[in-house]
2 protein chains.
Amino acid sequence: MPYSSNLAVQIFLDRLGSRTKLGSEEMDVIRSLPGQKITAGGDRDLVRPGDSVDHACLIVDGVVGRFGQMRDGRRQITAFYVAGHMANLQSVVFPSTGASLQALSPVTIIRMPHKALKAAAAKYPALADAFWRECAVDACVLAQWIVNLGRKSAVARMAHLLAELGLRMEEAGLGTSHRYRLELTQVHLGDALGLTSVHVNRVFRQLREAKVVTVSKRVIEICDWNALISIGEFDRDYLHIDTKCWDLPSHRREENHASSGISMQM
Amino acid sequence: MPYSSNLAVQIFLDRLGSRTKLGSEEMDVIRSLPGQKITAGGDRDLVRPGDSVDHACLIVDGVVGRFGQMRDGRRQITAFYVAGHMANLQSVVFPSTGASLQALSPVTIIRMPHKALKAAAAKYPALADAFWRECAVDACVLAQWIVNLGRKSAVARMAHLLAELGLRMEEAGLGTSHRYRLELTQVHLGDALGLTSVHVNRVFRQLREAKVVTVSKRVIEICDWNALISIGEFDRDYLHIDTKCWDLPSHRREENHASSGISMQM
DNA sequence: CGGAATGTTGATCGCGATCAACCGAGGTGG
DNA sequence: CCACCTCGGTTGATCGCGATCAACATTCCG
């Protein structure tokens, strides 16, 4: 497999390994997973709503969005995926997941057969754990998105998104959290933030005038990170970057519960 | 374990078994999982933000909410759990998940140690599959919630929620999808819908005047189900009730992709 | 060079927030 | 038993954020 693909696999492996203790044998299994490399132009469907798939998509380059769609054609992006992310790992256990995927910029992806991923998970329990855990992190991000959409103003949502994307781009080796190139239009951002593209534009203006963020030619530059995370009420914990899931001390809280009006019986 | 607990475990088992092929041995393992029964009053924290837990919560009775919280104290409910749901199954692989859980009505739950669930998953791959799949369904619901919050009007959101809760209550054996008792206040509903309780009230009025739904003393009665799902753009597929995940024909779509501008290479 | 996609700005509108008052049911204590 | 209080629900008046409509600028690309 060519260099860029190896890199994407390595980032994916790093993500898995940062949370789950993997042996060198297990890492080799991931590295030698079979896959078919595919390129697609922007705004091209990768998985259509209702499709049943037999492969998961590892992003090598570009941005992929997970969509929900309304009758009238309006869309809501529910997740962004960049290099090193497995966009629909959950499809391994759920081929008919309603989610649809679309390339938001020209993308390169590797389609990895469920069969191979399942076999890997079956043979190595640590990998099964890692995959499950990866899906759990995805769910955490979705839950945070719900909080943003339900309770935050337009600027706060934007600030939160820019901070999140910064950390993810950095993780993917595509810049730093303070400065990265984002191959998305304002329409795309609006679809993610639940806003119109017009308002996205006005929010950018606000952030620019507050000297928090500057944007030019798709390059996001965050001038005042502290202001950004304050505006967006951003707390990076939910991304679980480098949250180790082994050798954790188990925090028992029975005493607390007992003292807070919860009664127990066997 | 007393009858009500057995019932909840059975509903949980049905949920697992409806999607994953389980042998009788595996079912017995689930049925004999250890657990500590707990009751708690309404508006009582079960898992506080930042807590690290060593058990998952199976709901026996009442309604539990998963929360996100803002600095100023405003909250967003990201998920509802009723009888037969494992509220934080993902905590088995992710003890420090940022999610917090709260009893929204007086509840009874069973706390099942991660240790036992992990052991079951390790010994029976079908159970590992089933657990992972359960989390994937949860994520589907979260994604749908994002679409609702991002793109739908207040009435549409409410209609969608009432339809979803109807199906879930029916699944839990707590009424029918058209008529069920919902132990939530309008404040709770507002926290879930991203609305104020005042507006929740007005939305109920709208739905009542349109002769779609009537509410009295916490009992929801849906007079016109078709109108409800039309208003809410509700499509039950995303709940994956009875979506079998075995013996599925694999739908290959290479031809489609090739004809839609996606190029492949090995 | 010409046309389409994307970004920018202004004017106006409407949904849902906010503030405020009041009602009714339960629960509690005198 | 009733006075009082609290919590949840109901309704009205007003406000403001972000949608919508419209026009134009700019960039990208064939």
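Worth knowing before you read on, the calculation uses all heavy atoms, side chains too, and leaves out hydrogens, waters and symmetry mates. Below, chain A is the first sequence line, B the second, and so on; all start at residue 1.
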Task: Under 4.0 angstrom between A:K217 side-chain N/O and C:dT6 OP1 or OP2 - done: no
Tell me whether the side-chain N/O atoms of B:T196 come closer than 4.0 Å to OP1 or OP2 in C:dG16. no
*Reckon B:Q186 has a side-chain N or O less than 4.0 Å from the OP1 or OP2 of D:dC7?*
no
- Task: With heavy atoms under 4.0 Å as the rule, sort B:R218 into base, sugar-phosphate or nothing.
- Result: sugar-phosphate
- request: Salt-bridge test for B:D191 and A:R151: reply yes if a basic N is under 4.0 Å from a carboxylate O, no otherwise.
  value: yes
A:N201 side chain N/O closer than 4.0 Å to the phosphate oxygens (OP1, OP2) of C:dG7?
no
**OP:** Describe the nucleic acid contact of A:S153 in one word from base, sugar-phosphate, nothing, applying a heavy-atom distance below 4.0 Å.
**Re:** sugar-phosphate
Assign each of A:R74 and B:R205 the nucleotide of DNA chain D bearing its closest heavy atom; nearer the 5' end lies the nucleotide of B:R205
Ranking C:dT18, C:dG16, D:dT20 by distance to the side chain of A:V198, first place goes to D:dT20
Exercise. Tell me what A:G190 touches on the nucleic acid: a base, only sugar-phosphate, or nothing, going by heavy atoms under 4.0 Å.
Key: nothing
ask   = Are the charged groups of B:E183 and B:R218 less than 4.0 angstrom apart, N to O?
value = yes
A:R202 (side chain) and C:dG10 (base): donor-acceptor pair under 3.5 Å = yes
Atom CZ of B:R151 and atom P of C:dC15 are separated, to the nearest Å, by 17 Å
Notebook entry, point to check: OP1 or OP2 of D:dG8 less than 4.0 angstrom from a side-chain nitrogen or oxygen of B:T185, does that happen here?
Noted result: no
Any salt bridge between B:R15 and B:E171, counting N to O under 4.0 Å? yes
*Measure up the A:H160 and A:Y238 rings against each other and bin them: parallel (under 30°), tilted (30 to 60°), perpendicular (over 60°).*
tilted
To the nearest angstrom, the CD-P distance between A:E183 and C:dT6 comes to 12 Å
From CG of A:L184 across to P of C:dA5 the rounded distance in Å is 18 Å
